[in-house]
Amino acid sequence: MSYLDKLNPAQKQAVLHKNGPLLILAGAGAGKTRVIAYRILRLIKEGLAPENILAVTFTNKAAKEMQERVGRLLRKDKELNLPVSFESPPFIRTFHSLGVHILRENFDIAGIPKYFSIFDKNDSQKIIKSILPSLNLDPKQFEPKKILGIISRQKGDFTTVSDYAETIGTEYFPGIVATVWQKYEQILAKEKALDFDDLILRTALLLNENKQILNHYQNKWRYLHIDEYQDTNRVQYKIAKFLSQKHKNICVVGDADQNIYSWRGANIKNILNFEKDFPNSQTILLEENYRSTQNILAAANEIIIKNDLRKDKNLWTKNEAGEKVGLYSASDEADEAGFIAQKAGELISDGASPKEIAVLYRTNFQSRILEEAFLTSGVPYQVLGTKFFERKEIKDILAFIKSALNPDSLNNLKRIINTPPRGIGKVSVAKIFANKENELSPATQIKVKNFWNILNEIKKVALNKKPSTLIKFVIAKSGFEDKLKNGNEDDLERLANLQELVSLALKYDKLSKPEGVEKMLEETALASDQDQMDKKTNMVRLMTIHASKGLEFDYVFISGLEDGLFPSKLDAKPTQDRQEEERRLFYVALTRARQKLFLSYSSLRTIFGSRRTNIISEFITDINDNLLEEENQNFQPDTPLNSEKIEYLEW
């Protein structure tokens, strides 16, 4: 059987297309990953060198799945010259990882060290917070998170700090942002660091300003594939445009109906205007869904057809009609949470795997009452949100490695110079950072010298040993092992987390030295919420709908379907774009389900500490009654769930 026989007509058409721009409008569950993988296979089978193929997506999880799928196809195809395929595989990365790769290959021209530090959002926010007092600004009045958000959005729009400063005129708050941004860039430069947005912005600027480098990558990657194109911002669009403008072989895959990230810069116009931006392009629709039942798709189609900012398509499936969409009307949020936990328990008792059950919500604050219900019911659950790589002990160990490779990163040095405690106090640290080590007492100077020796030894191991060996060495040499192994239960748990870090590092051992260490630091810095989802962990997943993008489950609960909560009414006068994005978000939630959907809403809910009466969400009334069935339950918790005080967190 030919590999093409496994494709439906639209998929086959997309795979067989070779030269020129191609837009693949792929509905949820329509097999877009298969199409990209088979396109790559076909290009290689026709004689294209694998290293001439670039595929870009948005999460480490998606990139890893793509790499694994392409790898399996190449291994199974007996017509291929396998050594060529495996020695120089297609380059499959996230946008951020692509940026790291290009910047590290051209670090001297980019004006950065090869081992530059990568600041995550928390690192960046701390720096912004530290800048404000020096400008006589109160962090409570000028929120660091808000200022960083504006800077991030501007960088995503292909705007530098100098560009921004020229456009704001005499406006007060933008003027403050510009001043803080300039200070922020000075600190990044001093610490030889880039933030997440710089990884893409600096890459785009490098490609735009250096024709020799641009020409190199255009010739290297003659065929470009971009997944989730509807989620690209302006600077990502620019990178795609730069890399593809010579050979014109760009294939983008996406779905305007799943554009849900405008708040972080995703521009739906990138996919809606593709045919205009890339002349002589071809468009192919993938509408056959392989994931969900007919009833689920019917509900999803009825929801999304009301949007205007979209490309017309209609999902359909050969799957069975399936069960109707369950609808539960709760008296309050405790009742709703109790129903969800109880129903999840019943599904598990009937043979469902806990990890194939997901509970989705619009905003983070909703997880608190759900967690209480799951704890009370004894149903195992996992909340996406606390990343493994954000645990203090994990960040500490990685900071030792980062400091050893980049001693200019004061942010990392500050974190570890007295962690675990080694008798170097805050006053001593201030003198060290001010280059006044000679003013330290003789005893402190010895302690500081020992610390620098530790970093030097770590650097030698980092450049010459495997990543797993390096992690073991750092745990021991830093003093963490001695401190934690004789500690309390919490300390032993932290030590177990560090041992898990060693296990994680094993997957990088196969790479050459020091590439394995570089790759490990890169991927841990760019880890997303979904990366913490261990397929072996058999628990019900609780997450925001934004975090569920790209995932699928047998059973999906969508909670809090009340007017004002979902759709959210954060804006007094929401624009059409904002209203339609809320509808797209619900569409994404619906299409995560394979077998059964449960929708729920609460007549009463406590928000901002006050009780309010709710109106049912318009999203529920937009679904045909013939697709819905009422759910009943007799939930009576032994101990009433506390729903009086809720902290509201948006996304």
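Note that this is a predicted model, so its numbers are computed, not measured.
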- Do other residues, nucleotides or ligands put more than 12 heavy atoms under 6.0 Å from Lys241 NZ? yes
- Item | Value rounded to 0.5 Å, distance of CZ in Phe58 from CG in Asp227 | 8.5 Å
- What distance separates Ile417 CD1 from Ser428 OG, expressed to the nearest 0.5 Å? 8.5 Å
- Interatomic distance, CD@Glu481 vs CG@Leu495, rounded to 0.5 Å, equals 6.5 Å
- Between Lys211 and Asn208, is there a donor-acceptor pair closer than 3.5 Å when you use the side chain of the first and the backbone of the second? yes
- Query: Does any N or O in the side chain of Arg541 come within less than 3.5 Å of the main-chain N or O of Gln382, such that one atom is a donor and the other an acceptor?
  - Reply: no
- Query: side-chain contact (heavy atoms from CB on, under 4.5 Å) with Gln125: which residues, sequence neighbours excluded?
  - Reply: Pro144, Lys145, Leu148
- Task: Please name all residues satisfying salt bridge (charged side-chain N to carboxylate O under 4.0 Å, His left out) with Glu166, sequence neighbours left out, ordered by chain then number.
- Result: none
Just list the side-chain donor-acceptor pairs under 3.5 Å for residues 173-181, sequence neighbours left out, or say none.
from   : atom 1 : to     : atom 2 : distance (Å)
Thr179 : OG1    : Gly175 : O      : 3.0
Trp181 : NE1    : Glu185 : OE2    : 2.9

- Item | Main-chain N/O of Ile213 paired with Asn210 side-chain donor or acceptor, under 3.5 Å | yes
- Query: Regarding Glu65 and Gln67, is there a side-chain donor-to-acceptor distance under 3.5 Å anywhere?
  - Reply: no
- Query: Got a sec: does the NZ of Lys507 have more than 12 other heavy atoms crowding it under 6.0 Å?
  - Reply: yes
- Item | Heavy-atom donor-acceptor pair, Arg234 side chain to Gly156 backbone, under 3.5 Å | no
- Counting only N and O atoms by type, is there a donor-acceptor contact under 3.5 Å from the side chain of Asp138 to the main-chain atoms of Lys140? yes
- Note on the structure: Sequence neighbours excluded, the answer for side-chain contact (heavy atoms from CB on, under 4.5 Å) partners of Asn456 is Asn453
- State plainly whether the residues Lys519 and Glu522 are in salt-bridge range, i.e. N to O under 4.0 Å. yes
- Message: Going by salt bridge (charged side-chain N to carboxylate O under 4.0 Å, His left out), name the residues that satisfy it together with Glu191, two or more places apart in sequence or in a different chain.
- Response: none
- Query: Counting N and O atoms only, with roles assigned by atom type, does the side chain of His247 sit under 3.5 Å from a partner on the main chain of Tyr223, one being a donor and the other an acceptor?
  - Reply: no
- What distance do Leu194 atom CG and Phe119 atom CZ have between them, rounded to the nearest 0.5 Å? 9.5 Å
- Item | Heavy-atom donor-acceptor pair, Asn418 side chain to Ile424 backbone, under 3.5 Å | yes
- Query: Any sub-3.5 Å donor-acceptor pair from Asn406's side-chain atoms to Lys192's backbone N or O?
  - Reply: yes
- Salt bridge or not for Lys121 and Asp197, using N-O below 4.0 Å? yes
- Message: Has Gln218 got a side-chain atom pairing as donor or acceptor with Phe242's backbone, closer than 3.5 angstrom?
- Response: yes
- Return yes if a side-chain donor-acceptor contact under 3.5 Å exists between Glu105 and Tyr217, otherwise no. yes
- Hey, are the side chains of Phe480 and Val474 touching, using non-hydrogen atoms and a 4.5 Å cut-off? no
- Task: Could you tell me how the ring of Phe91 sits relative to the ring of Trp221: parallel (under 30°), tilted (30 to 60°) or perpendicular (over 60°)?
- Result: tilted
- Sequence neighbours excluded, the answer for side-chain hydrogen bond (donor to acceptor under 3.5 Å, both in side chains) partners of Thr469 is none
- Item | Residue of the set Arg202, Lys155, Lys126 for which salt bridge (charged side-chain N to carboxylate O under 4.0 Å, His left out) holds with Asp195 | Lys155
- Message: Checking side-chain polar atoms at under 3.5 Å, does Asn219 have a donor or acceptor matched by the opposite partner on Lys246?
- Response: yes
- Before accepting this row, confirm whether a basic side-chain N of the pair Asp396/Arg415 lies closer than 4.0 Å to the acidic partner's carboxylate O. yes
- Message: Quick one about Glu518 and Tyr115 (side-chain donor to acceptor, distance below 3.5 Å, no hydrogens or angles considered), yes or no?
- Response: yes
- Lys460 NZ: over 12 foreign heavy atoms closer than 6.0 Å: no
- Task: Measure from the side-chain N and O atoms of Ser512 to the backbone N and O of Glu515, and report whether any donor-acceptor pair falls under 3.5 Å.
- Result: no
- Message: How about NZ on Lys129, more than 12 heavy atoms from neighbouring residues, nucleotides or ligands closer than 6.0 Å, or not?
- Response: no
- Are Glu457 and Lys477 close enough for a salt bridge, meaning some N to O gap below 4.0 Å? yes
